[in-house]
Amino acid sequence: MTVTGYKNLTQWLLEQAEIDPQAKIDRHNTLLLVDCHKHFSDSNCRSLLIDQHRGVVGSPKETKRLLNEWLEQQMFGLIWQRSVQKSITKKERVESLAIVHGNSMFVPVKGATQHSTSWVAMHNLASKIYYLPNKPAIQLNFKMANASILSLEMSANCNFFRRQYEIAQKMMLQQWQIWRSAAAELKVEEDSLLFKSCLAEVDRLEYIHPREIFNLYQRELWECYIKGSWDDRCSPKEFEKNQKDVKRRYDYF
């Protein structure tokens, strides 16, 4: 199936959509996030998720909120994404952010990502991106669950999209290098006497998700900064308030 023309595309998708207030991004099945909150301001649908199995799903949440919710479930959040992109672009401010987490890659189609925009799940494409000649648009091909190909022509700032895609590719390679270095640095030899002693003498090891550990690490950094900048006698209630303010300002789109 082929659908062309952005306004027609958005209208067509909305007509096909099944509204689901609980809809969320699925790394394996979400193919495309389409921002439609400006096109249909009187609708309860603010974004559209193209799903490999469910087809078109409408959500009352904007695309940036859906991505925030997805990132909250991942090991590395938005602060990590910004840090990696800044290391690549050598810029102090990130206005348009690509999202890369392991094999997942979401690239914005246009505009500053502090606002809602449309996103392509690059890891779920069935072919390369086609930049249409003499047209501010890209062609996207996705493989659906029934093995059919969904081909969409979507309006895009092509130069912007190329730059963001290039940055996202570098981010993926950078994360791969970090992971290799960390794996080598933190490698534990399972045959060592020390490791066997740990296994024998520790009664029970409670599994802690790495995301929880990174959250605690962030909290330590915030606590050091807040107490150092304000007062060592900063009450737990004041600390929680300041921490929430920092998170609201910097850990969300």
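Residues: numbered from 1 along the sequence shown.
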Within the structure provided, determine whether Met75 and Trp80 are in side-chain contact (heavy-atom separation under 4.5 Å).
no
Under 3.5 Å, which donor-acceptor pairs do the side chains of residues 27-34 form with other protein atoms, sequence neighbours left out?
residue: Arg27; atom: NE; partner: Ser104; partner atom: OG; Å: 3.4
residue: Arg27; atom: NH2; partner: Asn103; partner atom: O; Å: 3.4
residue: Asn29; atom: OD1; partner: His53; partner atom: NE2; Å: 3.4
residue: Thr30; atom: OG1; partner: Asp26; partner atom: N; Å: 2.8
residue: Thr30; atom: OG1; partner: Asp26; partner atom: O; Å: 3.2

Sorted by chain and number, sequence neighbours left out, ring-ring contact (aromatic ring centres under 6.0 Å, His included) with Phe214 holds for Phe76
For the residue pair Asn141 / Ser151, report whether a side-chain donor-acceptor contact shorter than 3.5 Å exists.
yes
Do the non-hydrogen side-chain atoms of Leu67 and Phe106 ever get within less than 4.5 Å of each other?
yes
If you compare all heavy atoms of Ala98 against all heavy atoms of Gln164, which two are closest, and at what distance to 0.1 Å?
N-NE2, 3.6 Å
Answer yes when Asp20 and Arg54 have at least one side-chain N-carboxylate O distance shorter than 4.0 Å, and no when they do not.
yes
Hydrogens and angles aside, do Thr89 and Gln85 bring a side-chain donor and acceptor to less than 3.5 Å of each other?
no
Where do Leu78 and Asn68 come nearest, in terms of heavy atoms and distance?
CD2-OD1, 4.3 Å
pair Ser59-Arg46: side-chain heavy atoms closer than 4.5 Å:
no
Start with the C-alpha distance between Val109 and Asn157, add both sets of side-chain angles, then the distance that settles side chain to side chain contact (heavy atoms under 4.5 Å, CB included), and finish with yes or no.
CA-CA 7 Å; Val109 172; Asn157 181 331; over 6 Å; no
Inspect the contact between Glu166 and Lys170 and indicate whether a charged nitrogen and a carboxylate oxygen are less than 4.0 angstrom apart.
yes
Short question: side chain of Thr63, backbone of Thr117 - any donor-acceptor pair under 3.5 Å?
yes
Do the side chains of Lys61 and Glu69 get close enough for a salt bridge, i.e. N-O under 4.0 angstrom?
yes
Count the heavy atoms of every other residue, nucleotide or ligand shown that sit under 6.0 Å from CD1 of Ile208, and state whether that count exceeds 12.
yes
Considering only NZ, NE, NH1 and NH2 on the basic side and carboxylate oxygens on the acidic side, decide whether Glu190 and Lys196 come within less than 4.0 Å.
no
Can you tell me if Lys24 has over 12 outside heavy atoms packed within less than 6.0 Å of its NZ?
no
For residues 172-184, run the donor-acceptor check on the side chains, cut-off 3.5 Å, and write out each pair with its distance to 0.1 Å, sequence neighbours left out.
residue: Gln175; atom: NE2; partner: Val100; partner atom: O; Å: 2.7
residue: Ser181; atom: OG; partner: Gln177; partner atom: O; Å: 3.0

